[in-house]
Amino acid sequence: GHEAVLSCPNVSNVSLLLVTWKRNCSSCCVLSYRRDRNQTSRLNCSERITWKYSPVSDPALHIYPVNLRDEGNYTCETVNSEGNFHFFFSLTVIVPPVVTLTRDKSRVAVCQASAGKPPADISWIPASNHSSEEEFYHLNGTVTRVNYFGWANSSFPSVTCLVTHPAMN
């Protein structure tokens, strides 16, 4: 849902003649700009994939909003009077999980981190050896983790679920 910007550096002070962005897969997006004709072309690119500014001043690739299907390897090729230059980028999409905390009638606390990528880590405060965890893998590459904390026979008045994930503070 956020934006991704892949910068394509100009390695010299010589003006670019051609800039081409490619996603490294068959029938994927190709975005290019040819300076001598002031011509931009798009092949198999959605409207979400475009130049960040202008390919003349800054040939950065802009993807907004990013989704899981955008994950992969990208190549920027620049051409100027000094030669051809290739820059390679790997885009990894991180998805924050949706967190829920519930408890059932038998005093089992259930902490669930749904559809995260990578999977979230779940721990409890206070720490306990009386917890168990399940994982559910989804077709889109996300993972749901469910952690159960049994405190029916404990002296703790309450427990806290701590969910950590690279996309969350």
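For this chain, numbers begin at 1 and follow the sequence in order.
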_I want to check something: taking the side chain as every heavy atom from C-beta on, are Trp51 and Thr40 in contact at a cut-off of under 4.5 Å?_
yes
*With a 4.5 Å heavy-atom cut-off, do Ser32 and Ser41 have their side chains touching?*
yes
*Got a salt bridge between Glu3 and Arg48, using NZ or NE/NH1/NH2 to carboxylate O under 4.0 Å?*
no
_Using side-chain heavy atoms (C-beta onward) and a distance below 4.5 Å, is Arg23 in contact with Thr75?_
no
*Identify which one of Thr20, Leu16, Asn38 satisfies the side-chain contact (heavy atoms from CB on, under 4.5 Å) criterion when paired with Tyr33.*
Asn38
_Ring centroids only, cut at 6.0 angstrom: are Phe89 and Trp21 within range, meaning strictly under it?_
yes
_Looking at every non-hydrogen atom in both residues, tell me the closest pair between Ser114 and Thr144 and how far apart they are._
CA-OG1, 3.5 Å
*Minimum side-chain heavy-atom gap Val146-Phe136 below 4.5 Å*: yes
*Would you find more than 12 non-hydrogen atoms of other residues, nucleotides or ligands less than 6.0 Å from Phe85 atom CZ?*
yes
*asked:* Looking at every non-hydrogen atom in both residues, tell me the closest pair between Ala113 and Val163 and how far apart they are.
replied: CB-CG1, 4.2 Å
_Between Thr50 and Ile63, does the side-chain contact (heavy atoms from CB on, under 4.5 Å) criterion hold? Intermediate values first, please._
CA-CA 7 Å; Thr50 187; Ile63 305 171; over 6 Å; no
*Which atom pair, heavy atoms only, marks the closest approach of Glu71 to Val93?*
OE2-N, 2.7 Å
*What is the minimum heavy-atom distance between Ile49 and Cys29, and which atoms define it?*
CG2-SG, 3.8 Å
*If you count the non-hydrogen atoms of other residues, nucleotides and ligands that lie under 6.0 Å from CZ in Arg103, is the total more than 12?*
no
*Results of salt bridge (Lys or Arg N to Asp or Glu O under 4.0 Å) for Lys22 - residues two or more places apart only*: none
*Identify the heavy atoms of Ser7 and Ala60 that sit nearest to each other, and give their distance.*
CA-CB, 4.1 Å
*Within a strict 4.5 Å, meaning less than it, do heavy atoms of the Leu61 and Leu31 side chains meet?*
yes
*asked:* Hydrogens and angles aside, do Asn84 and Thr78 bring a side-chain donor and acceptor to less than 3.5 Å of each other?
replied: no
*Carefully, step by step, assess Val143 and Lys117 under the rule side-chain contact (heavy atoms from CB on, under 4.5 Å).*
CA-CA 6 Å; Val143 178; Lys117 182 176 180 294; over 6 Å; no
*Asn44 side chain reached by Cys28 side chain, heavy atoms, under 4.5 Å*: no
*Would you mind reporting whether Glu134 and Arg145 have side-chain heavy atoms less than 4.5 Å apart?*
no
*asked:* Apply side-chain contact (heavy atoms from CB on, under 4.5 Å) to residues Asn147 and Ser132 and explain how you reach the verdict.
replied: CA-CA 6 Å; Asn147 197 297; Ser132 62; over 6 Å; no
_Between Phe149 and Cys161, is there a side-chain heavy-atom distance shorter than 4.5 Å?_
no
*asked:* The test is side-chain contact (heavy atoms from CB on, under 4.5 Å); show your working for Cys76 and Val19 and say whether it passes.
replied: CA-CA 7 Å; Cys76 176; Val19 178; 4.2 Å; yes
*Do you reckon Val95 sits in the same ILVMFWY cluster as Leu91, going by side-chain contacts under 4.5 Å, direct or chained?*
yes
